[in-house]
Amino acid sequence: MPTSLSTPDSAYVHGYSPREAHRLGDQADTLATLLHAGTAYPAGSRVLEAGCGVGAQTVHLAHSSPGARITAVDLSEESLTQARDRVAAQAPAADVTWLRADLRQLPYPDGHFDHLFACFVLEHLPDPAPALTELRRVLRPGGTLTAIEGDHGSALFHPDSRRAHQVIAHQVHLQSAAGGNALLGRSLHPLLTAADFRDVAVQPRTVYADSSRPALVDGFTRRTFIAMIESVRTEALRTGLTTAADWDRGLADLRRTAEPGGTFHYTFFKATAIRP
């Protein structure tokens, strides 16, 4: 579930359109309770949000941790501008410093931050290891890291459809071609362990939507997941991954999961760890 770019050689497969910014906001609002539960930082603590994008997660960080001193970093100046506006409108009392920077070269001394928060960021990096090494450097000993990622391989739905799975696979392929990994959630534990974090713990956070949960059907199935897949149609056709007819049939089947009688399941992975 993408956010924004964090290194110069990564590419955000969904682009920077107003529609995408709106989708990211819908995603963050719909999943706030699921993803942010258990994450709260003390007032006065220094928190680095890595790859803040348009500020959709920053708003929820600020609401759950009043008084925390948040530094929100992203490579895209356009995204930072939108993030400033979003936080000013939705969390005007938040203490947020904005910085355009590469996650592999942060302008902070060793151990500067008490806590790190990275949501839907690692999946866009060709190699997350250098960014994790740098994030570990700027975290104080005993400080915590929280990382959240999705995994498109966890998408299960009814009615099942080979064509719907194919359009999801096209998005996974395009994200990989852009230097990312839409299946990264399953690898969070080994990634963080290899980066020398300790006490790494990963919890699945599952979204399940059916007609008895209309808010999730609309907010997640339609406006988050299906909208994300829809956003790569032009690129999927341009690169010859599929035909317009096959794409449209696959999308129609995927949309069927959000109609009466349909169900949709997806798993996010939330990891916590400590710098020793």
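This is a predicted model, so every value here is computed, not measured.
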Verdict with supporting geometry, E259 and R256, salt bridge (Lys or Arg N to Asp or Glu O under 4.0 Å) = CA-CA 5 Å; E259 300 302 322; R256 175 70 183 83; over 6 Å; no

Polar side chain donor-acceptor pair, H165 to D253, under 3.5 angstrom | no

Do any N or O atoms from the side chain of Q175 and from the backbone of H124 form a donor-acceptor pair under 3.5 angstrom?
-> no

Main-chain N/O of S154 paired with H265 side-chain donor or acceptor, under 3.5 Å | yes

Distance-minimising heavy-atom pair for G111 and R275 = N-NH1, 4.2 Å

Are E78 and R100 close enough for a salt bridge, meaning some N to O gap below 4.0 Å?
-> no

Any side chain to side chain donor-acceptor pair (under 3.5 Å) involving residues 31-41? Give me the pairs, sequence neighbours left out, ordered by first then second residue.
-> H36-Q57, T39-K270

If you measure from the Lys or Arg side-chain nitrogens to the Asp or Glu carboxylate oxygens, is any gap between E134 and R137 under 4.0 Å?
-> yes

Quick note, salt bridge (charged side-chain N to carboxylate O under 4.0 Å, His left out) partners involving residues 112-121, not counting sequence neighbours, are D114-R140

Can you tell if the side chain of T58 reaches within under 4.5 Å of the side chain of R86, non-hydrogen atoms only?
-> no

Give the ring-plane orientation class for F157 versus F264, where under 30° counts as parallel, over 60° as perpendicular and anything between as tilted.
-> parallel

Short side-chain to backbone donor-acceptor contact, R249 and R163, under 3.5 Å = no

Crowded around Q105 CD? As in, over 12 foreign heavy atoms under 6.0 Å?
-> no

Give a yes or no answer on whether the side chain of E49 reaches the backbone of V96 with a donor-acceptor pair at less than 3.5 Å.
-> no

Verdict with reasoning, S76 to D74, per side chain to side chain donor-acceptor pair (under 3.5 Å) | CA-CA 6 Å; S76 168; D74 203 89; 4.7 Å; no

Short question: side chain of S176, backbone of V172 - any donor-acceptor pair under 3.5 Å?
-> no

Contacts satisfying side chain to side chain donor-acceptor pair (under 3.5 Å) that involve residues 178-188 (not counting sequence neighbours) are D151-R186

Only counting residues at least two apart or in another chain, list the ones meeting side-chain hydrogen bond (donor to acceptor under 3.5 Å, both in side chains) with Q90.
-> none

Would you call the rings of F120 and F268 parallel, tilted or perpendicular if under 30° counts as parallel and over 60° as perpendicular?
-> tilted

Can you sort out the partners of H112 under ring-ring contact (aromatic ring centres under 6.0 Å, His included), two or more places apart, ordered by chain and number?
-> Y108

Which atom names give the shortest non-hydrogen contact between T144 and H115, and what distance separates them?
-> OG1-ND1, 2.7 Å

Check: T221 main-chain N/O paired with T224 side-chain donor or acceptor under 3.5 Å | no

Check whether any side-chain N or O of R104 sits under 3.5 Å from a backbone N or O of P130 as a donor-acceptor pair, and report yes or no.
-> no

Partners meeting side-chain hydrogen bond (donor to acceptor under 3.5 Å, both in side chains) with D248 (sequence neighbours left out) = R233

